[in-house]
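Report on the structure given below.
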There are 2 protein chains.
Amino acid sequence: MQKDAFDLQLFLPYLLNQAAEASSLGFARIYKERYGLLRTEWRVLFHLGLYGRMTARDIGAMASIHKTKISRAVQRLEARRYLKRARDDKDRRKEHLELTAKGREVYADLYNEARSYEARLLRNMAAEDVTTLRRLLTALGG
Amino acid sequence: MQKDAFDLQLFLPYLLNQAAEASSLGFARIYKERYGLLRTEWRVLFHLGLYGRMTARDIGAMASIHKTKISRAVQRLEARRYLKRARDDKDRRKEHLELTAKGREVYADLYNEARSYEARLLRNMAAEDVTTLRRLLTALGG
DNA sequence: TGATAATAGTTGTTTTTGTAACCAACAACG
DNA sequence: CGTTGTTGGTTACAAAAACAACTATTATCA
């Protein structure tokens, strides 16, 4: 039919999804079981933990997450006292989000988990391959 | 704090998810808009198109899709007359699934779309990198 | 055999997500 | 100003996914 065979297992969007799902699973179990967090909540938490005070809009733009998802994640994180909101005085539409002490604790714990989890994931991969992988994924997904 | 900085954008599960989502989007639009298919439906269709007659269980095992998702995808594909079911005579729990002529047409069309879509995705990537990428993703996600 | 467990697949219910409509505050421009 | 458009964020409703419980059939093994 065609000279180079097409295998679904090699189709890039499919392959990426499989790899993403498989490699997210273990970490998801941690933040889910330990803190009852959802995927978007973990992401918002990490954005605030890593980059400090920012608005919902900025997180959305940076992570390509829809604003409704962020809105709900922020609500739940606030309900657990992981973050607090502060309206911007200049532009009263904006809300600056910031982790509380409790939120920073959770973040610090998950941060360590993330690092060791990733180390386990990449345990058997050559350092050069890891670099290449990151570069290519960034090109595809940025 | 720590010697090698941790950037969320480089955290592998995150990066993989971003790349997977971004690279699935365009193809999803095609099967969605053109045929009203859902993600799992497209996947089931492709399994049957590529590998021929198989059972729901086998598809699930091969693609790591939960059986309830497959069950519902099969229902919808059957309702559209894209596939037909046949009970196994030896083991009457099993159902062999097979594409109809109509299903094969849709498959053939999407097959071509998948190939050209992937080609566009990889347009700017060196052939060697593509090989490496597939190898690494397979190692992560298989 | 017959009781127990395992397998293939379906159905029902609850969570999450996606989409659209919405409100309030600000911007632009006549 | 004031009308029109845009932006940041929330809410409501519909679509989809996750999870658990279920039926029917076959396998296991005392």
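Values below: every heavy atom of this structure, side chains too, minus hydrogens, waters and symmetry copies. In what follows, chains are A, B, ... by sequence order, proteins preceding strands, each numbered from 1.
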Whole angstrom value for the distance that separates [atom2] of [N] from [atom1] of [X]:
{"X": "B/L83", "N": "C/dG9", "atom1": "CG", "atom2": "P", "answer": "12 Å"}
{"X": "B/R72", "N": "C/dT10", "atom1": "CZ", "atom2": "C1'", "answer": "8 Å"}
{"X": "A/I65", "N": "C/dG18", "atom1": "CD1", "atom2": "P", "answer": "11 Å"}
{"X": "B/R87", "N": "C/dA8", "atom1": "CZ", "atom2": "P", "answer": "12 Å"}
{"X": "A/L25", "N": "D/dA18", "atom1": "CG", "atom2": "C1'", "answer": "13 Å"}
{"X": "B/I59", "N": "C/dT10", "atom1": "CD1", "atom2": "P", "answer": "11 Å"}
{"X": "A/D91", "N": "C/dA28", "atom1": "CG", "atom2": "P", "answer": "12 Å"}
{"X": "A/L37", "N": "C/dT15", "atom1": "CG", "atom2": "P", "answer": "17 Å"}

Item checked: B/Q75 side-chain N/O to C/dG9 phosphate OP1/OP2 under 4.0 Å ->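 No, outside the criterion.
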Note to self: Under 4.0 Å from OP1 or OP2 of C/dG18: is there any side-chain N or O of A/K69 that close?
What the structure shows: yes
Check: Is there a donor and acceptor pair, one atom on the side chain of A/K94 and one on the base of D/dG8, closer than 3.5 Å?
Finding: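 Side chain to base: no pair below 3.5 Å.
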Check: Parallel, tilted or perpendicular: which fits the ring planes of B/F27 and B/F46, with parallel below 30° and perpendicular above 60°?
Finding: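 It falls in the perpendicular class, over 60°.
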Check: What class does the angle between the rings of B/Y31 and B/W42 fall in, given that below 30° is parallel, 30 to 60° is tilted and above 60° is perpendicular?
Finding: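 Judged by the thresholds at 30° and 60°, the geometry between B/Y31 and B/W42 is parallel.
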Which listed nucleotide ([options]) is nearest to the side chain of [X]?
{"X": "A/T68", "options": "C/dT10, C/dG9, D/dT10", "result": "D/dT10"}
{"X": "B/K32", "options": "C/dT17, C/dT19, C/dT10", "result": "C/dT19"}
{"X": "A/R92", "options": "D/dT10, C/dT11, C/dA25", "result": "C/dA25"}
{"X": "A/R76", "options": "D/dT25, C/dT16, C/dT10", "result": "C/dT16"}

Notebook entry, point to check: At under 4.0 Å between heavy atoms, what does B/L38 touch on the DNA or RNA strands: base, sugar-phosphate, or nothing?
Noted result: sugar-phosphate
Margin query: For a side chain to side chain donor-acceptor pair (under 3.5 Å) check, start with the C-alpha distance between B/T132 and B/D129, then their side-chain angles and the critical distance, and finish with the verdict.
Written below: CA-CA 5 Å; B/T132 305; B/D129 279 348; 4.9 Å; no
If you measure from the Lys or Arg side-chain nitrogens to the Asp or Glu carboxylate oxygens, is any gap between [X] and [Y] under 4.0 Å?
{"X": "A/R34", "Y": "A/E113", "answer": "yes"}
{"X": "A/K84", "Y": "A/E78", "answer": "no"}
{"X": "A/K90", "Y": "A/D88", "answer": "no"}
{"X": "A/E118", "Y": "A/R134", "answer": "yes"}

Listed pairs, N/O of protein and of nucleotides 2-7 of chain D, under 3.5 Å:
{"residue": "D/dT7", "atom": "O2", "partner": "A/R93", "partner atom": "NH1", "Å": "2.9"}

